[in-house]
Structure formats: C-alpha cells, structure tokens
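Since the structure comes first, as structure tokens, the remarks are kept for the end.
Every chain is numbered from 1, with letters handed out A, B, ... down the list of sequences. Atoms considered below: every heavy atom in the structure, side chains included; atoms not considered: hydrogens, waters and symmetry mates.
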Number of protein chains: 2
Amino acid sequence: MNMLKEPSLSNPHDCVDCPIRHRAVCARCETDELEALEQIKYYRSFQAGQTLIWSGDQMDFVGSVVSGIATLTQTMEDGRTQMVGLLLPSDFVGRPGRDGAAYDVVATTDLVMCCFRKKPFERMMMETPHIAQRLLEMTLDELDAAREWMLVLGRKTAREKIASLLSIFARRDASLKVDVSKDTLVFDLPLTREAMADYLGLTLETVSRQISALKKDGVIHLEGKRHVTIPNLSRLLEEAGDDADGGIMV
Amino acid sequence: MNMLKEPSLSNPHDCVDCPIRHRAVCARCETDELEALEQIKYYRSFQAGQTLIWSGDQMDFVGSVVSGIATLTQTMEDGRTQMVGLLLPSDFVGRPGRDGAAYDVVATTDLVMCCFRKKPFERMMMETPHIAQRLLEMTLDELDAAREWMLVLGRKTAREKIASLLSIFARRDASLKVDVSKDTLVFDLPLTREAMADYLGLTLETVSRQISALKKDGVIHLEGKRHVTIPNLSRLLEEAGDDADGGIMV
DNA sequence: GGCTAACCTTGACACAGATCAAGCGCGAAC
DNA sequence: GTTCGCGCTTGATCTGTGTCAAGGTTAGCC
C-alpha cells in the first residue's frame with residue numbers, strides 16, 4: 001500500500017531523468033529498472049516559441065520536462081485557443097497507447113526534455129507493474145488539476161482568474177524565492193499576457209487590466225512586466241476565491 | 001501491445017459489474033480475476049437528488065455506475081458551483097490511493113453503483129498489473145475529456161456550449177435511439193436546466209434561452225422539456241464549433 | 001546613440017450573458 | 001376537480017469583459 005500514498009514532493013528532482021520518479025520519490029524504482037530506462041532515453045532541446053508537437057501528429061516518444069516551460073493548447077478552426085495544461089520541470093508528456101497527439105505542445109521558454117521512445121517504454125510498462133501504477137497516480141493528479149481549472153474557467157471573475165494563476169505559479173514554480181517569515185514570495189512570470197489570457201479564457205487586454213488593478217490594490221508588486229512580488233500570500237489566495245486550504249507547499 | 005490499443009466501445013456493457021472491463025472489452029480480464037473482484041463487490045442504490053459523497057469525506061470504496069447518472073461538482077464558499085464531470089453508466093468513481101473525496105458526487109437520477117471496498121481493491125491492483133494499466137487508460141480518457149471541456153468553458157459562446165453538451169449526450173448516452181439512415185437521433189435530457197448551467201459555466205436563464213433559440217432555428221426539436229430530437233447531427237456538431245471529426249460512434 | 005519589433009498598457013465603446021422579475025405548465029397531493 | 005410547488009420560459013435591464021484603437025516601454029540590433 002506504501003506505493004499508493006500521497007507522493008512526497010520534498011525532493012521532486014531526485015532523479016530528474018526518470019519520468020516515473022518525477023514529482024515523487026518512488027521507493028520502488030529499482031536500479032536495474034532505472035538502467036533499462038537509461039538505455040532508451042535521449043535528450044532534446046527546444047527554443048522558446050518552438051512547437052514541439054502539433055495536434056494530430058504522430059508521437060513516437062513520451063518524456064518529461066527537465067528544464068523550461070511548455071504549454072498544451074487546443075485551437076478551434078477560427079483561431080480561438082485555449083491552454084489546457086502547463087508543463088513545468090518534471091511534468092510528463094505523452095500518452096502511452098495512443099499515437100496521435102491531442103494538443104499542440106509549445107515551448108514558452110528554452111526547454112530541455114528527457115524522452116523515451118514510445119514502443120520500448122510501453123513494453124517496459126507492461127513488464128514493470130509499478131510504472132503503470134506511478135503513471136496512474138500522476139495522471140490522477142493531472143485530472144484533479146484539470147478539474148480545478150474547470151472551476152476557474154467556468155465560474156471565476158477575471159480578477160479571481162488572474163489571482164488563481166498567480167497562485168499556481170506560487171505553488172508550483174520551482175524557481176521561486178520564498179521568504180516564509182514574511183509570507184512573501186518573488187518570481188518571474190513565465191508567460192506573456194497573451195499566454196495567460198489563453199490559459200484563463202480571457203483576452204490579453206483584460207489580463208493586463210486586472211494585473212494593473214491587483215498592483216494598484218497592493219495584492220502584488222511588479223518590477224518591469226514579469227518580475228512579481230507577492231507581499232502577502234494569503235491575501236492573494238483570498239483574491240483567488242480559493243478555500244483557505246490550497247496553500248503553498250501542500 | 002494489444003492491451004494498449006484504443007479501447008473498443010462496441011460493447012461497453014460486456015461486464016457491467018467490473019470497472020476494469022467497463023467502457024471496453026478487456027481481453028485480459030481472466031475469469032479468476034473477475035471472481036476475485038466478485039468477492040469484494042457490493043451494490044448500492046441511491047435516489048435522484050441524493051448526494052453520494054461530500055467533498056472532503058472519507059471514501060472507503062471505489063466503483064462504477066451500473067445505471068443512472070451522477071455528477072461531480074465543485075462549490076465555492078459563496079455558492080458558485082461548477083460541474084467537473086458527468087458519470088454515465090460504466091464510468092468509474094473514486095481514486096485509488098487517496099482517502100478524501102475531492103468533489104461532491106450527486107445522483108441526478110435514481111442510481112445503482114457497483115462498489116468495491118477500497119483497501120482490497122488497491123491490494124488487487126498491486127497484484128494484478130493490468131488493472132492499473134486499464135485504470136490508467138480510463139483516467140487518460142477522463143483527462144482528455146476534461147481538457148476538451150476546458151476549451152468549451154474558456155472559449156465557446158453560450159450557443160456553442162449548449163450544442164457541445166447536446167453532442168456529448170449524443171455521443172455517450174447509452175439510452176439514445178438512433179436512426180442512422182436519417183442522421184437523426186432521439187434522447188431524453190438527463191439534466192435540469194440548472195445542472196446544465198453548472199456544467200457549462202452559465203446561468204439557467206441563458207441555458208433556457210439558448211435551447212429555445214436552437215429549437216427556433218431547427219437544430220433540435222423539443223417535446224416537453226426533456227425529450228430531444230436531433231434531426232441532423234452534423235448540423236449540431238457544426239453549431240458546437242467542433243472539428244468535424246468528433247462524430248458519434250468514434 | 002537611434003531604429004525596430006515585440007510586448008504591454010490604457011481608453012472608449014459595444015455586446016453577450018448575468019441579474020432581477022414575472023408568469024407559465026404540469027405533475028403530485030389532497 | 002383544486003392547489004401547490006418545482007422546473008422552466010421570457011422580458012427588461014445591467015454589467016463585466018470583449019473589441020477596436022492609440023500609444024508607451026523595453027530589448028535587441030544596426
């Protein structure tokens with residue numbers, strides 16, 4: 001039952017190249033299994049702005065983000081686009097058992113991925129039960145995140161949406177600097193206003209206006225366009241309309 | 001590799017009591033495994049309107065819907081609610097490895113569930129690799145559905161949202177009657193206007209108005225408030241703004 | 001330095017959908 | 001039959017966000 005307990009996030013980069021260990025220290029990752037993964041892995045680098053995968057393309061690999069940020073987006077015929085996922089370091093990409101990609105995957109910063117050829121990875125998954133079990137855990141986490149985001153998209157105001165997005169960065173961005181004593185934290189926005197708009201179901205103008213408003217009201221401080229200081233995290237979470245529990249470092 | 005191929009939906013009720021076989025005929029479900037599942041299963045019935053599970057509750061079972069319809073909803077402190085999932089017969093409920101429920105689960109019709117006590121089910125999952133593999137497939141399907149819904153919530157107009165919801169019923173409602181020759185199909189709406197609004201991020205008034213508009217424009221016919229005829233499915237899919245591919249019986 | 005292009009901000013106005021309000025239709029209970 | 005209540009429809013009005021437009025800021029490049 002041990003394997004099934006809530007993953008520990010204390011050291012998410014314990015083994016940054018193994019998607020199965022990512023986002024949790026997985027006590028069952030035996031050395032020989034890691035070595036088997038080792039033999040089918042390779043690295044790929046991408047530049048900011050580059051599209052790694054087009055929706056509908058054949059995907060012959062799965063993998064995980066080593067550094068940088070990528071987004072999953074869906075686009076309608078008339079050009080409306082919605083971001084459906086945000087890939088931060090250690091996040092997994094790809095769907096074992098399916099060949100066609102369902103979304104565009106775009107690097108928003110320079111990006112390094114650790115990839116595994118899909119067929120051998122699937123074979124390993126068949127032979128090594130806990131890989132599927134670990135992927136299941138990770139997919140369930142993704143599903144929870146997607147559903148939480150449905151509440152944001154469906155029911156929150158523009159201001160709450162922006163605050164929610166900032167909370168996500170506050171929770172998940174590994175690059176943030178924290179000064180816990182003051183409930184303060186500092187990070188750089190990894191997305192343009194337009195990308196934020198696509199995540200939030202807004203226009204870039206509304207994003208800009210709401211960020212300005214949050215700044216005027218002292219909920220955040222801005223230095224330049226990207227460098228953000230959150231002087232009071234609980235205030236931000238209040239603005240996001242979240243239940244108080246969803247704090248940082250869950 | 002066989003196990004990983006796209007599940008066949010030709011006979012979703014092949015074994016309606018086994019969540020692992022649900023929504024797909026799983027060739028690996030061996031008889032002795034089914035018997036093991038048999039020993040830990042039990043049925044529960046619920047009345048329309050009843051809340052099966054409250055968000056935050058302990059959940060000591062997993063299971064799947066045998067008949068009826070249930071919804072997963074999230075609620076904010078001020079009462080705004082968003083439906084984040086719709087459970088139709090054969091859909092799976094519960095999260096192996098987590099005790100607290102993340103959403104309210106509400107029966108919108110009378111409902112029968114086939115449940116499995118969680119601990120023994122998890123134990124079986126550890127011992128029977130393809131259970132986790134099958135659950136992974138199902139969860140990935142759920143994730144795709146959730147992400148598709150994010151596009152609906154974030155970027156579609158009220159009219160498109162309604163058409164999208166009707167398309168879902170057209171695709172998934174097992175109770176529908178099809179007359180393929182005429183591209184026509186008939187079914188009963190399983191949700192109130194309010195529940196549809198909660199699914200779509202709208203108000204019930206807007207739902208009502210848009211349904212009236214689709215009716216006036218001949219996209220649908222209504223008999224009473226619930227009985228719907230779709231005279232031209234491709235017309236409906238156009239209204240939903242979907243790419244043409246997302247048709248019925250995929 | 002100045003030029004360019006991408007990114008961002010701000011303003012004025014329009015409109016889709018929310019809100020508030022009234023009343024209808026129909027099944028259930030009596 | 002009558003009444004009640006819930007689910008639904010429709011109308012009038014309000015408002016948050018989109019749309020269109022102009023101009024500002026910054027980093028990179030000559």
Side-chain angles (χ1 to χ4, degrees), chain A residues 47-50 76 78-82 106 108-110 152-166 188-217 220-228 239 241, chain B residues 47-49 71 76 78-82 106 108-110 152-166 188-217 220-228 239 241:
Chain A
Q47 295 182 341
Q50 203 176 344
M76 294 173 68
D78 59 9
R80 282 177 281 177
T81 78
Q82 175 67 48
V106 183
T108 60
T109 65
D110 289 347
V152 173
L153 289 172
R155 291 299 185 196
K156 291 195 178 179
T157 65
R159 186 182 174 99
E160 289 169 334
K161 284 178 174 181
I162 297 288
S164 298
L165 184 57
L166 293 173
D188 285 322
L189 290 173
L191 301 178
T192 64
R193 301 290 186 266
E194 188 178 20
M196 289 190 246
D198 284 342
Y199 205 176
L200 297 166
L202 298 170
T203 59
L204 68 91
E205 293 93 333
T206 299
V207 169
S208 181
R209 274 187 255 269
Q210 295 299 334
I211 289 181
S212 298
L214 288 175
K215 183 178 159 190
K216 184 164 71 62
D217 297 345
I220 62 174
H221 298 307
L222 265 185
E223 217 173 291
K225 292 154 195 302
R226 296 295 190 90
H227 194 71
V228 181
E239 291 282 355
Chain B
Q47 295 184 341
T71 63
M76 293 173 67
D78 60 9
R80 283 177 279 177
T81 77
Q82 175 67 48
V106 182
T108 60
T109 65
D110 287 347
V152 173
L153 289 173
R155 291 300 184 197
K156 291 195 177 178
T157 64
R159 185 181 174 101
E160 289 170 334
K161 284 177 174 182
I162 297 288
S164 298
L165 184 58
L166 293 173
D188 285 322
L189 290 173
L191 301 179
T192 64
R193 301 291 186 263
E194 187 178 20
M196 290 190 244
D198 284 342
Y199 205 176
L200 297 166
L202 298 170
T203 59
L204 69 91
E205 292 95 333
T206 298
V207 169
S208 180
R209 274 186 256 268
Q210 295 298 334
I211 288 180
S212 298
L214 288 174
K215 182 178 162 191
K216 185 164 70 64
D217 298 345
I220 62 175
H221 298 306
L222 263 185
E223 219 173 290
K225 293 152 195 303
R226 296 293 191 91
H227 195 71
V228 180
E239 291 282 356

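For Lys225(B), whose side chain is taken as the heavy atoms from C-beta onward, the closest listed nucleotide among dG18(D), dC8(D), dT26(D) is dC8(D). Minimum atom distance to the side chain of Gln210(B) is reached by dG17(C), of the listed dG17(C), dC8(C), dC8(D).
Donor-acceptor pairing under 3.5 Å, judged by distance alone, is absent between the side chain of Glu205(A) and the base of dC8(C). Arg209(B) contributes a side-chain N or O that forms a donor-acceptor pair with the base of dG11(D) under 3.5 Å. Residue Glu194(A) places no side-chain atom within donor-acceptor reach of the base of dC8(C), judged by atom type and a 3.5 Å distance cut-off alone.
In this structure, NE2 of His227(A) is placed 18 Å from C1' of dA27(D), rounded to the nearest angstrom. The CD1-P distance, from Ile211(B) to dC8(D), rounds to 9 Å in whole Å. Distance CG (Asp78(A)) to C1' (dT19(D)): 15 Å, rounded to an integer number of Å. Here dG17(C) presents its P atom at 13 Å from CG of Leu153(B), a figure rounded to the nearest Å. The CG atom of Leu222(A) sits 17 Å away from the P atom of dC7(C) (whole-angstrom rounding). Taking atom CG of residue Leu204(A) and atom P of nucleotide dT17(D), one finds them 15 Å apart after rounding to whole Å. Between Met196(B) atom CE and dC8(D) atom C1' there is a gap of 10 Å when expressed in whole angstrom units. Atom CG in Leu189(A) sits roughly 15 Å away from atom P in dC7(C) (whole-Å rounding).
Each of Val207(B) and Gly224(A) has a nearest nucleotide on DNA chain C; the 5'-most of these lies closest to Gly224(A). When each of Lys156(A) and Ser212(B) is assigned the nucleotide of DNA chain D bearing its nearest heavy atom, the one mapping closer to the 5' terminus is Ser212(B).
Annotation: side chain of Thr206(A) is not in contact with side chain of Leu200(A) (no heavy-atom distance under 4.5 Å). At least one side-chain heavy atom of Ile211(A) sits less than 4.5 Å from a side-chain heavy atom of Ile220(A). Looking at heavy atoms from C-beta onward, Met196(B) lies in side-chain contact with Leu189(B) at the 4.5 angstrom threshold. Annotation: side chain of Leu202(A) is not in contact with side chain of Arg209(A) (no heavy-atom distance under 4.5 Å).
A donor-acceptor distance shorter than 3.5 angstrom exists from the side chain of Gln82(A) to the backbone of Asp198(A), with no hydrogens or angles considered.
Nucleic acid contact for Thr192(B): sugar-phosphate only, since backbone atoms but no base atoms lie under 4.0 Å from a heavy atom of the residue. At the heavy-atom level, Leu202(B) lies under 4.0 Å from the strands shown only through sugar-phosphate atoms. Heavy atoms of Gly49(A) sit nowhere under 4.0 angstrom from any nucleic acid atom. Arg159(A) comes within 4.0 angstrom of no nucleic acid atom, judged by non-hydrogen atoms across all strands.
Here Gln210(B) contributes atom CD and Lys215(B) contributes atom NZ; the two are 14.5 Å apart, rounded to the nearest 0.5 Å.
Close to dG18(D), at under 4.0 Å from its OP1 or OP2, lies a side-chain N or O of Thr206(A). The phosphate of dA16(C) has neither OP1 nor OP2 within less than 4.0 Å of any side-chain N or O from Thr157(B). At dC8(C), none of the side-chain N or O atoms of Ser208(A) fall inside 4.0 Å of OP1 or OP2 (strictly under the cut-off).
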